[in-house]
Number of protein chains: 2
Amino acid sequence: MDANDVRGHLDGLLLAVLESGPLHGYGIIEALQRRSGGALQLPTGTVYPALRRLERARWIEGTWSVVDGRKRRTYSLSPAGRKELARRRSEWVRFTGVIGTVLGGGA
Amino acid sequence: MDANDVRGHLDGLLLAVLESGPLHGYGIIEALQRRSGGALQLPTGTVYPALRRLERARWIEGTWSVVDGRKRRTYSLSPAGRKELARRRSEWVRFTGVIGTVLGGGA
DNA sequence: ACGCTATACGTAGTCACGCTACATATGCAT
DNA sequence: ATGCATATGTAGCGTGACTACGTATAGCGT
């Protein structure tokens with residue numbers, strides 16, 4: 001699967017990962033990779049800007065900390081982010097329903 | 001559902017519609033709308049260029065005709081297009097599997 | 001001491017691809 | 001004659017993820 005196919009679904013993926021608990025950018029990238037069985041290997045240039053965008057939208061909150069001498073920005077899901085995640089999930093169901101139906105082929 | 005979300009899946013949708021039989025651009029737009037229960041209302045500026053692209057890729061073949069005094073370009077699925085459609089369908093299954101798993105929420 | 005890798009964050013510019021807005025033309029109903 | 005449905009097409013735009021960098025610390029091997 002081409003990593004470009006996450007277009008339009010990236011925000012939902014990031015929110016979903018953070019639902020399990022606060023995590024920092026680098027850890028989020030690894031979590032996506034792990035959860036997708038290796039399919040999603042998103043570059044930092046994709047994830048970091050997206051996280052800042054989600055933060056500006058108040059869906060996640062970030063706090064700086066230092067772990068092992070390295071600066072980290074740890075993000076956690078906000079109540080608004082939780083609502084947004086739910087919205088993204090129902091949108092995903094609708095989306096796959098529509099495309100799947102038209103695409104057919106036993107789908 | 002935002003029509004922009006078809007990004008990356010448009011070709012498959014068009015090929016799928018043509019699987020039922022030859023059809024012209026305008027008819028394809030209507031078929032997409034009908035099959036999707038009204039969700040997919042793709043503008044001509046999206047569909048026509050896409051059809052030309054699919055034709056250049058040899059996945060569909062177009063022939064001009066005149067019906068009721070109006071010029072029509074009727075497209076039909078080529079053998080290569082049928083193969084491509086199958087490929088798109090398996091990609092779709094993989095895609096929804098990956099995103100759905102990561103997105104979670106009972107998906 | 002030096003280089004390499006993993007960890008960790010970030011920006012600038014590019015590119016793909018669907019959309020908006022527009023242009024063109026015929027048939028039919030009011 | 002005016003407007004709407006039918007029918008095809010192009011030019012330019014915008015969105016959003018990507019590529020390619022740049023920065024910095026820790027830990028390991030040599």
Side-chain angles (χ1 to χ4, degrees), chain A residues 1-15 17 22-34 36 39-57 59-60 62-75 88 91 95 98-99 102, chain B residues 1-15 17 22-34 36 39-57 60 62-75 88 95 98-99 102:
Chain A
M1 198 183 91
D2 197 47
N4 209 350
D5 287 337
V6 302
R7 185 180 283 266
H9 308 289
L10 179 59
D11 292 5
L13 294 176
L14 296 175
L15 295 174
V17 166
L23 205 53
H24 62 291
Y26 195 85
I28 291 172
I29 292 175
E30 290 180 319
L32 284 170
Q33 196 170 341
R34 186 166 19 82
S36 65
L40 289 179
Q41 303 190 19
L42 304 187
T44 65
T46 291
V47 174
Y48 289 124
L51 288 171
R52 308 204 125 230
R53 190 163 36 76
L54 294 183
E55 191 178 14
R56 275 200 308 279
W59 292 330
I60 64 178
T63 52
W64 283 107
S65 60
V66 177
V67 177
D68 290 331
R70 289 191 201 87
K71 289 205 308 189
R72 271 188 186 174
R73 188 152 184 84
T74 300
Y75 294 99
R88 298 273 176 171
E91 251 181 33
F95 167 72
V98 168
I99 305 291
V102 176
Chain B
M1 198 182 92
D2 197 48
N4 208 349
D5 286 338
V6 300
R7 185 179 284 267
H9 309 289
L10 179 59
D11 292 4
L13 294 176
L14 297 175
L15 295 173
V17 167
L23 205 54
H24 62 291
Y26 196 86
I28 290 172
I29 292 175
E30 290 180 319
L32 284 170
Q33 196 171 340
R34 188 165 18 84
S36 65
L40 289 179
Q41 303 191 18
L42 304 187
T44 65
T46 290
V47 174
Y48 289 122
L51 288 171
R52 309 203 125 230
R53 189 161 38 74
L54 295 182
E55 191 178 14
R56 276 200 308 277
I60 64 178
T63 53
W64 283 106
S65 60
V66 177
V67 177
D68 290 331
R70 291 190 199 86
K71 288 204 311 188
R72 272 188 185 174
R73 189 151 182 85
T74 300
Y75 293 100
R88 298 273 176 173
F95 167 72
V98 169
I99 304 291
V102 176

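All chains are named by letter (A, B, ...) in the order of the sequence lines, taking the proteins before the strands, and each is independently numbered beginning at 1. All values below were derived from every heavy atom in this structure, side-chain atoms included, with hydrogens, water molecules and symmetry-related copies excluded. Nothing here was measured: the structure is a model prediction, and the numbers come from that model.
- Ion pair Asp5(A)/Arg7(B) not flagged as a salt bridge, since none of the NZ, NE, NH1 or NH2 atoms sits closer than 4.0 Å to an Asp/Glu carboxylate oxygen.
- In this view, Pro22(B) and Thr74(B), Ser76(B) satisfy the side-chain contact (heavy atoms from CB on, under 4.5 Å) rule, not counting sequence neighbours.
- At whole-Å resolution of the value, CD1 in Ile28(B) and C1' in dG18(C) are 17 Å apart.
- Counting heavy atoms from C-beta on, the side chains of His24(B) and Tyr75(B) never come closer than 4.5 Å.
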What's touching nucleotides 3-7 of chain D from the protein side, N or O pairs under 3.5 Å?
unit_1	atom_1	unit_2	atom_2	d
dT6(D)	OP2	Tyr26(B)	OH	2.9
dT6(D)	O2	Arg70(B)	NE	3.2
dA7(D)	OP1	Arg72(B)	NE	3.0
dA7(D)	OP1	Arg72(B)	NH2	2.4
dA7(D)	OP2	His24(B)	NE2	3.4

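- Considering only side-chain N and O atoms, Arg53(B) lies under 4.0 angstrom from the phosphate OP1 or OP2 of dG18(C).
- If you find the closest nucleotide of DNA chain C to Arg52(A) and to Thr44(B), the one lying nearer the 5' end belongs to Arg52(A).
- The distance between atom CG of Leu51(B) and atom P of dT10(D), rounded to the nearest whole Å, is 12 Å.
- One can place CG of Leu10(A) at 17 Å from P of dT15(D), the figure rounded to the nearest angstrom.
- Under the rule for a ring-ring contact (aromatic ring centres under 6.0 Å, His included), the partners of Phe95(A) that lie at least two apart in sequence or sit in another chain are His9(A), Trp92(A), His9(B), Trp92(B).
- Heavy atoms of Gly69(A) sit under 4.0 angstrom from primed sugar atoms or phosphate atoms, though from no base atom.
- Following rounding to the nearest Å, Gln41(A) (CD) and dT19(D) (P) show an atom-to-atom distance of 12 Å.
- As rounded to whole Å, 11 Å separates atom C1' of dG10(C) from atom CD1 of Ile29(A).
- Put simply, CG on Leu42(A) is 9 Å from C1' on dA17(D), counting in whole angstrom units.
- Applying the side-chain contact (heavy atoms from CB on, under 4.5 Å) test to Val67(A) and every residue at least two apart in sequence or in another chain returns Ser65(A), Arg72(A).
- Separating the CG atom of Asp5(A) from the P atom of dT15(D) is a distance of 21 Å, rounded to the nearest angstrom.
- Between dT10(D), dA16(C), dA17(D), one nucleotide has an atom nearer to the side chain of Pro49(B) than all others, and that is dT10(D).
- The side chain of Arg7(B) lies closest to dC17(C), out of dT19(D), dC17(C), dG9(D).
- Atom P of nucleotide dA16(C) and atom NE2 of His9(B) are separated by 18 Å, given to the nearest angstrom.
- Residues meeting the side chain to side chain donor-acceptor pair (under 3.5 Å) test with Glu55(A), sequence neighbours left out: Arg73(A).
- Applying the side-chain contact (heavy atoms from CB on, under 4.5 Å) rule to Leu23(B) yields the partners Val17(B), Leu18(B), Ile28(B), Ala31(B); only residues at least two apart in sequence or on another chain are considered.
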